[in-house]
Novice: 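Handing you this structure, nothing more for now.
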Amino acid sequence: MIRIRDVHHAIGKARILHGIDLDIPKGGITALIGPNGAGKSTLLSLVARLAPLKQGEITVETLKIGACSDRDLAKVLAIMAQSTHVSARLRVRELVSFGRYPWHQGRPGAQDRALIEAALERFGLLPIADRFLDEVSGGQRQRAFVAMAFAQDTDYLLLDEPLNNLDIAGARSLMRLLREMADKDGKTIVIVLHDINYASAFADRIVALKDGRVAAQGTPAQIVDTALLRDVFGTDAEVSVIGGRPQVLV
Amino acid sequence: MAKRLIALAAVLVAVSALYMLVDAQGAWSFLLPFRAQKLGAMLLVGTCLSVATVLFQTITANRILTPSVMGFDALYILVLTSVVHLFGSAGFAAIPSVVLFAINVTGMTLLGLLLFTLLRRGARGDMMRLVLTGIILGILLRSITEFLQRMIDPSEFSVVQSISFARFTSVDPKLLALTAAVTVPVLWLAWRMRARLDVLGLGEVPATGLGERPARGQAQALVLICLLVAAATALVGPMSGGGGGPANFFGLIATALAHVLTPTERHSTLIPSAALTGCILLVAGQTVMERFLDLSTPLTVVIELIGGLLFLFLLVKRRRA
């Protein structure tokens, strides 16, 4: 479980988060949604220790962010950046190999290599394993990063708006991969999403943020409705339930 | 990759042997130790500057930067110029070389660290701002140097000028030992960082995710870079001629060639490969200069010429990529 208690955060003079209290249970996909500037990405980057936590407390399982060792946390929590640009010229296999770094610190063993090959196969990357990252499509690059996080073998995976530069086929296939990782491997996935419909279609739980506070949380069926869109997003759109999942008609 | 490294090492051995043995005039008992000292200096300087450049390019995520943008060379010449200005060329000659070396190494290392700590606080560890400030600082130091040089006696100016270029023609064995004592442990530390450097090269977010704190790794690498460049420069003088251009072309050539000869991003290969390439360049270049061109041109001038062309080539290639 990820426990977030009374977390405040300011960037310069702008106060982004005002006392967030939130429990993200183990297992399943939790989507963070909200209008631009609501603090979703900030909250995620605090959990991922990408920004220093100044006020409040965040724990992942038993590890306290800011107090636990970086290496221990890297064995429990993997993160995937918003941008998949890497300045180093790497092959797909090399990138995925980095996922094992927290476990072997630069000295990979036979078990590490086996896990890397398994990750490559699992995500259908074997045919392009020896291509350079800048030679594959955006969707394939995204998948390579997910495979790297998978090879890291953590219980938790955080993703910050991974669908940003993907077309609909890439976005759906990525969300299905995440769904599969949550269902088959029991991973806990926390994902910041822009598009409520993706959150509603793929997530188990949705947390809606507005102005640095938690505005609503629950299953998609519980919270995605016209009231949420009006109160949190400030727009009146209709919501229709398709296959048990509410979808916003845009 | 291991085969290529062995091949590079073999080339280096061959070039070194050539340097030691070709065109021997005089007694071997004099020539061998005399040449061995110079060879030692070249190997040490080549290794230090190449490794420092590899580290610097990794932590700045930029293939066309070298540590000399931080103004090291400029500070070196400023120290020399001020000493000559204050004490005259006779006074300069009277200062023991070891003292001068110590002043230079501490001065340059402190400058690098000062720049870094100041910026860490001000710019939240923004690497690009650090580099830009280094460039501006280098320009400031160069301007002060030029100002001082304008006021010196012309004959003393020629003393300054002769020491403003890297030279391997005379190497003080005491200094050589001192430099080795400083740089060998530093090189060892750089080698121990190799796996962490690979991770840092992925960028801030992935590195953090894998349990490496980028700011800490960058700080540690920068300390190593400062010591390597400072010691090498204090031993033989600045490798970028005329007080330094926008880049130290020697390190640039060595790392660019290493990337071509051993195409990988892994520092376990890149560090030795760049070091070997740098040494081969220096020793081969110096052999040609000394034995065949009768020292008519300083090696650094040739390096600047080739390096400048390579720099342009890299810029154009990046634009297209």
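First the proteins, then the strands, lettered A, B, ... as listed; each starts at 1.
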Novice: So for L158(A), is it side chain, backbone, both, or neither that comes closer than 4.5 Å to the heavy atoms of chain B?
Specialist: neither
Novice: For E265(B) and L90(A), indicate whether the former's side chain and the latter's backbone hold a donor-acceptor pair under 3.5 Å.
Specialist: no
Novice: Could you measure the distance from the CZ atom of F98(A) to the CG atom of L202(B)? Nearest 0.5 Å is fine.
Specialist: 4.5 Å
Novice: Could you tell me whether Q111(A) atom CD has more than 12 heavy atoms of other residues or ligands within 6.0 Å of it?
Specialist: no
Novice: Any chance NZ of K26(A) has more than 12 other-residue heavy atoms, nucleotides or ligands included, within less than 6.0 Å?
Specialist: yes
Novice: Relative to chain B, which of Q105(A), M80(A), E94(A), R89(A) shows the most heavy atom pairs under 4.5 Å?
Specialist: R89(A)
Novice: Taking all atoms of both residues into account, what is the closest heavy-atom pair of T208(B) and R49(A), and its distance?
Specialist: O-NH2, 3.0 Å
Novice: Which atoms of A88(A) come close to chain B, meaning under 4.5 Å heavy atom to heavy atom: side chain ones, backbone ones, both, or neither?
Specialist: both
Novice: What's the separation between atom OG in S97(A) and atom CZ in R266(B), rounded to the nearest 0.5 Å?
Specialist: 7.5 Å
Novice: Specify the closest pair of heavy atoms between G211(B) and D70(A), including all atoms of both residues, with the distance to one decimal.
Specialist: O-CB, 3.4 Å
Novice: Are there more than 12 heavy atoms of other residues, nucleotides or ligands under 6.0 Å from atom CG of N165(A)?
Specialist: no
Novice: Checking S268(B) against chain A: side chain, backbone, both or neither under 4.5 Å from a heavy atom?
Specialist: neither
Novice: For the residue pair L210(B) and A74(A), what are the closest heavy atoms and their distance?
Specialist: C-CB, 3.6 Å
Novice: Please confirm whether the backbone N or O of G209(B) pairs with a side-chain atom of Q152(A), one donor and one acceptor, at under 3.5 Å?
Specialist: yes
